[in-house]
Structure formats: C-alpha cells, structure tokens
Amino acid sequence: TTFAQDLDISGWGAGGYRFYARNQLNGFNQESYYGGKIQFDFAYKKKIEAQLDLRGNSVNKSIVLREFSAKFKYIKKFKFKF
C-alpha cells in the first residue's frame, strides 16, 4: 500500500479558566483558555521518515505548523534530509 507503515501520534492538551482580581462591573473576572500539541511520526518502508508538529492555543485562536522534517533514503551514498 502507499500509506505509512509505522505511525505514532502523541501530544498534549490543556484547558481551563483564569481568574483575575478585578471588579466584575468593569468586565469579566475570568476567561477560558486552551492549548494543545499533536505530533505525527511516520515511516514508509524504512526509506522515508517524517515528523509533523502542530500546536494551537486560545491566544492566537489558530493552529500553527511548528515543525516538519523528512528523511529520504534511497541508497547508502545518496541521502536527502529536509
């Protein structure tokens, strides 16, 4: 098949509330937050290995590609690494 033969998924996630010492009449005294990371490590026939790291949080309200790497091995004297 053309799919990854070895796939590992890892990561973490967090969420909760932050409380502030301010008057509720002037605004909220709490806010929710979240953050997380998911990482994919995969290999195909021991000739291609890649890693993908995605992270997100409530400050940016987006998901960011933090890191990507790939290794391609065809013959011993000819290797690519990105």
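Keep in mind that the numbers below use all heavy atoms, side chains included, and drop hydrogens, waters and symmetry copies.
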Peer 1: Could you list the residues that satisfy side chain to side chain contact (heavy atoms under 4.5 Å, CB included) with Ile48, not counting sequence neighbours?
Peer 2: Tyr44, Phe72
Peer 1: In the single-linkage hydrophobic clustering (I, L, V, M, F, W, Y; side-chain heavy atoms under 4.5 Å), do Ile9 and Leu65 co-cluster?
Peer 2: yes
Peer 1: Nearest 0.5 Å, please: how far is CZ in Phe42 from CG in Asp6?
Peer 2: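 Those atoms lie 11.0 Å apart.
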Peer 1: To check you understand the geometry: which heavy-atom pair defines the closest contact between Ser58 and Ser32, and what is its length?
Peer 2: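 Of all heavy-atom pairs spanning Ser58 and Ser32, the closest is OG-O, 4.3 Å.
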Peer 1: State which residues pass side-chain hydrogen bond (donor to acceptor under 3.5 Å, both in side chains) with Glu31; sequence neighbours excluded, sorted by chain then number.
Peer 2: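 Expected list: Tyr20.
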Peer 1: Report yes or no: do Phe68 and Ile63 belong to one cluster of Ile/Leu/Val/Met/Phe/Trp/Tyr joined by side chain heavy-atom distances under 4.5 Å?
Peer 2: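 Yes, because Phe68 and Ile63 connect within a single hydrophobic cluster, where side-chain heavy atoms sit under 4.5 Å apart.
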Peer 1: Other members of the hydrophobic cluster containing Phe19, with the 4.5 Å side-chain heavy-atom rule, please.
Peer 2: Tyr17
Peer 1: According to side chain to side chain contact (heavy atoms under 4.5 Å, CB included), who are the partners of Ser62, at least two apart in sequence or on a separate chain?
Peer 2: Asn60, Val64
Peer 1: Who passes side chain to side chain contact (heavy atoms under 4.5 Å, CB included) against Gln51, sequence neighbours left out?
Peer 2: Gln39, Asp41, Glu67, Ser69
Peer 1: Taking ILVMFWY side chains as joined if any heavy atoms are under 4.5 angstrom apart, and letting links pass through other members, which residues group with Tyr33?
Peer 2: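 Via sub-4.5 Å side-chain contacts, Tyr33 links to none.
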Peer 1: For Asn57, which residues count as a side-chain hydrogen bond (donor to acceptor under 3.5 Å, both in side chains) partner, sequence neighbours excluded?
Peer 2: none
Peer 1: Which heavy-atom pair separates Ala14 from Trp12 by the least distance, and what is that distance?
Peer 2: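 Where Ala14 meets Trp12 most closely, the heavy atoms are N-CE3, 4.3 Å.
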